[in-house]
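Residue numbers start from 1 in every chain, and the chains themselves are labelled A, B, ... in the order their sequence lines are given, proteins ahead of strands.
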There are 2 protein chains.
Amino acid sequence: MKARSHHEDEQHLTEQLGATGLRLTPQRQQVYDVLLHKRDHPTAEEVFIRAKKAMPEISHATVYNCLDVLVKSGLARQVQLERGATRFCPNMHEHGHFHCSDCGTIYDVGLPAELSCVAVPQGFRADNYDVTIHGICANCAKK
Amino acid sequence: MKARSHHEDEQHLTEQLGATGLRLTPQRQQVYDVLLHKRDHPTAEEVFIRAKKAMPEISHATVYNCLDVLVKSGLARQVQLERGATRFCPNMHEHGHFHCSDCGTIYDVGLPAELSCVAVPQGFRADNYDVTIHGICANCAKK
DNA sequence: TCAAGATTTAGAATAATTCTAAAGTGGATT
DNA sequence: AATCCACTTTAGAATTATTCTAAATCTTGA
């Protein structure tokens, strides 16, 4: 999993937005930056707080809007782990999430290729797969 | 997937609750009945409304409590599909969910056996897998 | 029967998300 | 350069989802 340079990230952002007919705005850039900067699957609220540091005027609704736009443009995924806030992830490679029921940490994990051939019923069209594994992570298991 | 009789369901409920050191109460029975009766992955709010018909005094908090208890006892699963309310499902066989992005319907789908051997990192313990497929169902695809 | 603990209730409180209306922006057209 | 229009952002209100609280009720075992 090769890391993109800052420049490449920005270009990728512009391209993907453009492809969806959406504009590159400073707010969208900022929100995307937040996601890329610390990949800890933050909630919308957390993204808001982080974005506010660099851009104090940004509003709550804008963060939600930007996150939706990123998701629609294929730049981020939203992940529902358990009751409560939705989380966001800029890793668009096929992967699943491991959620530690003890400490709450979320880890990205690889998925077997077989998954992509899960039989969906006749006539159904599968667009994407969300896989979450609930369990105990190594750190918590030790205790 | 063999359907259980009403009597068997009730027995199953008692056993599973007992195993977790929890009591069988009329409210828990009612909430479980609601889930078994119409397997359309209702939200807590929907369960509340349905349960209220048969048991008008039941409260909101109790429904949440009962649902949590059912989940803890292995009688139901909670499913997070997208932003918004959590949904509940009494089907405890290994299966995934197909969520139609168009009409919103949720279908149970089978899973390949390979899934259970998704490699979790060293020392991690996987308790359960949640698989959701987002796409378009056959009905909506036709349109 | 009594005490302790579990459970339910109503309603308040909090958290998460969406909506609304007004203002701002940017590019295309005149 | 002025104007138009669609897209965006903003602040704050509104709504929806969930959790908390304190009092009342029920169950069970001593």
Side-chain angles (χ1 to χ4, degrees), chain A residues 13-14 16-34 41-73 75-88 104, chain B residues 13-14 16-34 41-73 75-89 104 106:
Chain A
L13 176 58
T14 314
Q16 293 294 104
L17 287 177
T20 332
L22 296 162
R23 288 192 194 138
L24 173 63
T25 67
Q27 289 85 350
R28 287 172 183 171
Q29 210 162 326
Q30 178 59 48
V31 166
Y32 190 44
D33 269 2
V34 166
H41 307 85
T43 63
E45 183 64 22
E46 284 161 349
V47 173
F48 174 61
I49 292 166
R50 294 178 198 174
K52 229 173 150 59
K53 288 200 183 132
M55 190 180 265
E57 353 61 60
I58 199 169
S59 89
H60 217 166
T62 298
V63 169
Y64 274 93
N65 168 10
C66 293
L67 288 170
D68 284 348
V69 160
L70 293 177
V71 169
K72 281 207 196 87
S73 313
L75 289 153
R77 309 188 59 168
Q78 60 178 49
V79 197
Q80 320 292 137
L81 291 152
E82 39 168 12
R83 262 188 254 177
T86 302
R87 294 171 175 280
F88 294 86
Chain B
L13 176 60
T14 314
Q16 293 293 104
L17 288 177
T20 331
L22 295 162
R23 288 186 194 145
L24 172 63
T25 68
Q27 288 85 350
R28 287 172 183 170
Q29 210 163 326
Q30 178 59 48
V31 166
Y32 190 45
D33 269 1
V34 166
H41 307 84
T43 62
E45 183 64 22
E46 285 162 347
V47 173
F48 175 61
I49 292 167
R50 295 178 197 176
K52 230 175 150 60
K53 288 200 183 134
M55 190 180 263
E57 352 62 61
I58 199 169
S59 90
H60 217 167
T62 299
V63 169
Y64 274 93
N65 167 11
C66 292
L67 288 169
D68 284 349
V69 160
L70 293 178
V71 170
K72 282 210 197 85
S73 314
L75 289 153
R77 309 187 60 167
Q78 60 178 50
V79 196
Q80 320 292 138
L81 291 153
E82 38 168 13
R83 262 188 253 176
T86 303
R87 294 173 175 279
F88 294 86
C89 166
I106 300 155

Exercise. Any side-chain heavy-atom pair from B/L67 and B/T86 closer than 4.5 angstrom?
Worked result: no

Exercise. Where along residues 46-65 of chain B does a heavy atom fall under 4.0 Å from DNA chain C?
Worked result: B/E57, B/I58, B/S59, B/A61, B/T62, B/N65

For this session: Measure across A/F48 and A/S59 and return the closest heavy-atom pair with its distance rounded to 0.1 Å.
Result: CE1-C, 3.6 Å

Exercise. Atom CD of A/E45 and atom P of D/dT18: how far apart are they, to the nearest Å?
Worked result: 17 Å

Problem set entry | Heavy-atom closest contact (A/L17 atom, A/S73 atom, distance) | CD2-OG, 3.6 Å

Problem set entry | B/Q27 CD - D/dA24 C1' separation (whole Å) | 13 Å

Exercise. Can you tell me how far CG of A/L22 sits from CG of A/N65, rounded to the nearest 0.5 angstrom?
Worked result: 9.0 Å

Exercise. Does the side chain of B/L75 reach to within under 4.5 Å of the side chain of B/V69, using non-hydrogen atoms?
Worked result: no

Exercise. Separation of B/L24 atom CG from C/dA6 atom P, in whole Å?
Worked result: 17 Å

Exercise. Could you give the distance from CD1 (B/I58) to CD (B/Q30), rounded to the nearest 0.5 Å?
Worked result: 6.5 Å

Exercise. Is the phosphate of D/dC7, meaning OP1 or OP2, less than 4.0 Å from a side-chain N or O of A/T25?
Worked result: no

Problem set entry | For A/V63 against A/A44, the heavy-atom pair lying closest together | CG1-O, 3.8 Å

For this session: Could you check B/R28 against A/T43 and say which one's nearest nucleotide on DNA chain C is further toward the 5' end?
Result: B/R28

Below 3.5 Å is the cut-off: list the nitrogen or oxygen pairs between protein and nucleotides 26-28 of chain D, distance only.
residue: D/dT27; atom: O4'; partner: B/R23; partner atom: NH1; Å: 3.4

Problem set entry | Considering all heavy atoms, the nearest B/V79-B/C89 contact | CG2-CB, 4.1 Å

Problem set entry | Between C/dG26 (C1') and A/L17 (CG): distance, integer Å | 15 Å

Exercise. Just wondering, do A/Y32 and A/Q16 contact through their side chains at under 4.5 Å, heavy atoms?
Worked result: no

Exercise. What are the residues of residues 80-89 of chain B, sorted by number, that bring a heavy atom to within less than 4.0 Å of DNA chain D?
Worked result: B/A85, B/T86

For this session: Ignoring hydrogens and angles, tell me if any N or O in the side chain of A/R28 forms a donor-acceptor pair with the backbone of A/R23 under 3.5 Å.
Result: yes

Problem set entry | Nucleotide C/dT7, atom C1' - distance to CG of B/L67 in whole Å | 15 Å

Exercise. Does a side-chain heavy-atom distance below 4.5 Å link B/Q29 with B/L24?
Worked result: yes

Seminar exercise, completed: Rounded to whole Å, CG of A/L22 lies from P of C/dG26 at a distance of 16 Å

